[in-house]
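Below is one structure, written out as structure tokens; the observations come after it.
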Amino acid sequence: MLFHSFSFLLFFPLVTGMYFLIPKRAKQLWLLVASYYFYMSWNVQYGCLILLVTAIGYGGGLLLAQNKVRQGKRRLAVLTGSVLLCVGILFFFKYSAFAVQNINELLRAVGSVRALRVPDLILPVGISFYTFQTIGYLIDVWKGKTEAEKSFLRFALFVSFFPQLVAGPIERSSSLLAQLREPAEFDYDRVKDGLLLMLWGYFEKMWIADRAAILVDQVYQDYRNYSSGMLVFATVLFAVQIYCDFGGYSHIAIGAAQVLGIRLMDNFRQPYFAVNCREFWRRWHISLSSWFRDYLYFPLGGSRGSSGRTAVNLMITFLVSGLWHGAGWHYVVWGAIHGSYQVAGRGIRYVSEAAQKKLPEKKIRFFSEKTQGLTRATRICVTFILTDFAWLFFRADHLGRAVAMLRRIVQNGNWLGQFTDGTLFGMGLCRLEVYQLAFAIGVLLVVDILHESGISIRAWLAKQVLVIRWSIYMLVLLGFVVLLLQNYGRAAAEFLYFQF
């Protein structure tokens, strides 16, 4: 069930209405039933899979909490076994085919005529997200950061809570479980703000991401027939598409949870305004990047060792992050590129700090005051270019295509021709839709600039008189209805992160 489908627009009001009408003791069970229905609407068998992961997490947590395994190797064995079971399930469904394909390539390389049968498996939607959330819970219980959940019903809801089930945010047990223990009552302002956040998510997904995807897909599928300028344009547009697609999902998820009285963590914070790649990952997919930081990078040693050891830890973390996003070498290369950015960034910071120590303090203050705005803008542009270069590998279907597209960008040399001959208006969108997309991206840019400046649109709306405020609400709602009518009869485009 997609967030932007008619079925969800019927499902969510029904679930919400019943949630606030039924007795408090029945609210958790109602949300659990709704969450399983939501997930099983893709495939009934998915219910068995998420129940298995839930049972592993619940049982592992209780074993870790027992006195007899509180100390020593036995407790570590419980954690290791539980985590490996979760990872094994994830590997089987997501990576077994990829592993077998690479083994067959190695066999062919050494001259063997034998080949293993590649398993034909359908990747269960959201499996990477709820397995990681369960693994995080187990590690937190082992470290003593959270208490083992004794209610199976509540823990099952923690794993399957439908707003964030299939694409995050990846929540921490200390936050989400605590909120599930005390169901919230109806609050008008909270519900209103949640619905507004959902509308903004729909705007990002349907006005921008889905329309941008049509142009991006056209160019990437037939890249040999497009110029250097159009390939670069499509890659830049993909940066906008994936931001609005996943950011849109996150806003809908956070807004829907807020309506139900659950506060989920922010997942995006104007990532393309980052001044370096290190800051980019503090703003982009925050729940995942912080998960890798806390459960992989820090246990590896973080930055506590030598510079060389820190570089290795960074590369391992980003290589795993790339592989987490998909079973393909182009994802691994994407992770390696970002890992290289992090290592290079640490070196640049070291050289910069050493150079500043040798300059007079007055001169440093003079240059910082005179060039602060220009320097920040330059750093933002450079960071975006580096990030966008990596996105090409992420978006390409495979590593060979990414390399071929890079070669064509360098060798073709035609930068403006296809923008002046009307090619853009013959790529799946009519002229009006192209203009609507450009306008929507402009609105997104303005809103992100305001948020980056510390100006909250919702706070500004709350200060307006009733007539103005509700006129704006109605205009936004009207735009959403127009989008639904424009897309009526079309298959709803899935969110990109469903494949991860």
Less than 6.0 Å separating the ring centroids of Trp329 and His398? no
Applying side-chain hydrogen bond (donor to acceptor under 3.5 Å, both in side chains), run through Tyr39 and Tyr130 and close with a yes or a no. CA-CA 12 Å; Tyr39 192 54; Tyr130 60 76; 3.0 Å; yes
Could you tell me if Arg408 sits above the aromatic ring of Tyr223, with its cationic atom closer than 6.0 Å to the ring centre and no more than 45 degrees from the axis? no
May I ask you to check whether Trp291 and Tyr295 place their ring centres under 6.0 Å from each other? yes
Parallel, tilted or perpendicular: which fits the ring planes of Phe3 and Phe38, with parallel below 30° and perpendicular above 60°? tilted
Does Arg283 come within less than 4.0 Å of Glu452, counting only side-chain N to carboxylate O? yes
Side-chain donor-acceptor pair present, Ser250, Asn267, cut-off under 3.5 Å: yes
Quick one: sort the Phe132 and Trp324 rings into parallel, tilted or perpendicular, breaks at 30° and 60°. tilted
Can you check side-chain contact (heavy atoms from CB on, under 4.5 Å) on Gln342 and Cys277, steps first, answer last? CA-CA 7 Å; Gln342 301 297 317; Cys277 294; 3.8 Å; yes
Determine whether Val166 and Tyr46 make a side-chain contact, defined as any pair of heavy atoms from C-beta on separated by less than 4.5 Å. no
Ion pair check, Asp245 and Lys205, cut-off under 4.0 Å: yes
Working to the nearest 0.5 Å, report the span between CG of Asn276 and OG1 of Thr387. 10.0 Å
Pair Arg211, Glu204 - check salt bridge (Lys or Arg N to Asp or Glu O under 4.0 Å), show working. CA-CA 10 Å; Arg211 288 177 173 176; Glu204 289 180 299; over 6 Å; no
Rounded distance [0.5 Å steps], OG1 in Thr54 versus CD1 in Ile50: 5.0 Å
Are there over 12 heavy-atom neighbours, none belonging to Leu416, within less than 6.0 Å of that residue's CG? no
I want to check something: taking the side chain as every heavy atom from C-beta on, are Ile208 and Gln241 in contact at a cut-off of under 4.5 Å? no
Audit row: Thr317, Leu300, side-chain contact (heavy atoms from CB on, under 4.5 Å) steps and yes/no: CA-CA 9 Å; Thr317 301; Leu300 286 172; 4.1 Å; yes
Are side-chain N/O atoms of Ser307 and Tyr350 paired as donor and acceptor at under 3.5 Å? no
Gap separating the OG1 atom of Thr375 from the CD1 atom of Ile380, nearest 0.5 angstrom: 11.0 Å
Hey, could you give me the NE2/CG distance between His251 and Leu197, rounded to the nearest 0.5 Å? 5.5 Å
Beyond-backbone contact of Arg304 with Arg309, side-chain heavy atoms, under 4.5 angstrom: no
Mind listing the closest non-hydrogen atom pair of Arg376 and Phe273 along with its distance? NH2-O, 3.8 Å
On a heavy-atom basis, the closest approach of Ala253 and Gly168 is CB-O, 4.0 Å
Between Tyr331 and Phe394, how do the two ring planes meet: parallel, tilted or perpendicular, split at 30° and 60°? perpendicular
Are His330 and Trp334 near enough that their ring centres are under 6.0 Å apart? no
Answer yes or no: does atom CG of Leu106 have more than 12 heavy-atom neighbours from other residues, nucleotides or ligands under 6.0 Å? yes
Distance, nearest 0.5 Å, that separates CZ of Phe161 from OG of Ser35: 6.5 Å
side-chain contact (heavy atoms from CB on, under 4.5 Å) between Val434 and Met427, intermediate numbers included: CA-CA 10 Å; Val434 171; Met427 294 165 56; over 6 Å; no
Side chains of Ser290 and Arg172: does their closest heavy-atom pair fall under 4.5 Å? yes
Parallel, tilted or perpendicular: which fits the ring planes of Phe155 and Tyr137, with parallel below 30° and perpendicular above 60°? tilted
Between the main-chain N or O of Tyr220 and the side-chain N or O of Arg401, is there a donor-acceptor pair closer than 3.5 Å? yes
No-hydrogen, no-angle side-chain donor-acceptor test under 3.5 Å, Tyr272 and Asp388: no
Is the backbone of Leu176 close enough, under 3.5 Å, to the side chain of Glu171 for a donor and an acceptor to pair up by distance? no
Ser128 versus Lys94, side-chain donor and acceptor atoms under 3.5 Å: yes
Of the non-hydrogen atoms in Gln270 and Asp448, which two are nearest, and what is the gap between them? CG-O, 3.5 Å
Minimum heavy-atom separation for Tyr249 and Leu165, please, with both atom names. OH-N, 4.3 Å
What's the shortest heavy-atom distance between Ala148 and Gly61, and which atoms? CB-O, 3.3 Å
Taken to the nearest 0.5 Å, the spacing of Gln436 CD from Leu429 CG works out to 9.5 Å
I want to check something: taking the side chain as every heavy atom from C-beta on, are Leu424 and Arg431 in contact at a cut-off of under 4.5 Å? no
Going through the distances and angles, do Ser173 and Gln133 end up as a side-chain contact (heavy atoms from CB on, under 4.5 Å)? CA-CA 8 Å; Ser173 55; Gln133 187 158 300; over 6 Å; no
Ion pair Arg395/Asp217, N-O distance below 4.0 Å: yes
Pick out which of Ile89, Ile135, Val83 makes a side-chain contact (heavy atoms from CB on, under 4.5 Å) with Ile56. Ile89
Around Lys143, counting heavy atoms of other residues, nucleotides and ligands shown, do more than 12 lie under 6.0 Å from its NZ? yes
With side chains defined as the heavy atoms from C-beta onward, is the minimum distance between Leu406 and Phe389 less than 4.5 Å? yes
I would like to know whether Asn104 and Arg108 meet side-chain hydrogen bond (donor to acceptor under 3.5 Å, both in side chains); could you show each step before the answer? CA-CA 6 Å; Asn104 287 339; Arg108 281 193 289 269; 5.8 Å; no
Determine, stepwise, if the pair Phe246 / His285 fulfils ring pair (Phe, Tyr, Trp, His ring centres under 6.0 Å). CA-CA 8 Å; Phe246 193 31; His285 201 172; 4.4 Å; yes
So, for Gly60 and Leu138, which heavy atoms are closest and what is the spacing to 0.1 Å? C-CD2, 3.8 Å
Any side-chain heavy atom of Ile262 within less than 4.5 Å of one from Leu264? yes
Looking only at side-chain N and O atoms, does Tyr95 offer a donor or acceptor that is under 3.5 Å from a partner on Asn102? no
From CA spacing to verdict: ring pair (Phe, Tyr, Trp, His ring centres under 6.0 Å), Phe233, Tyr226: CA-CA 10 Å; Phe233 169 76; Tyr226 290 99; over 10 Å; no
Angle between ring planes, Trp284 versus Phe280, binned at 30° and 60°: parallel, tilted or perpendicular? parallel
Are the side chains of Val78 and Trp142 in touch, meaning some heavy atoms are under 4.5 Å apart? no
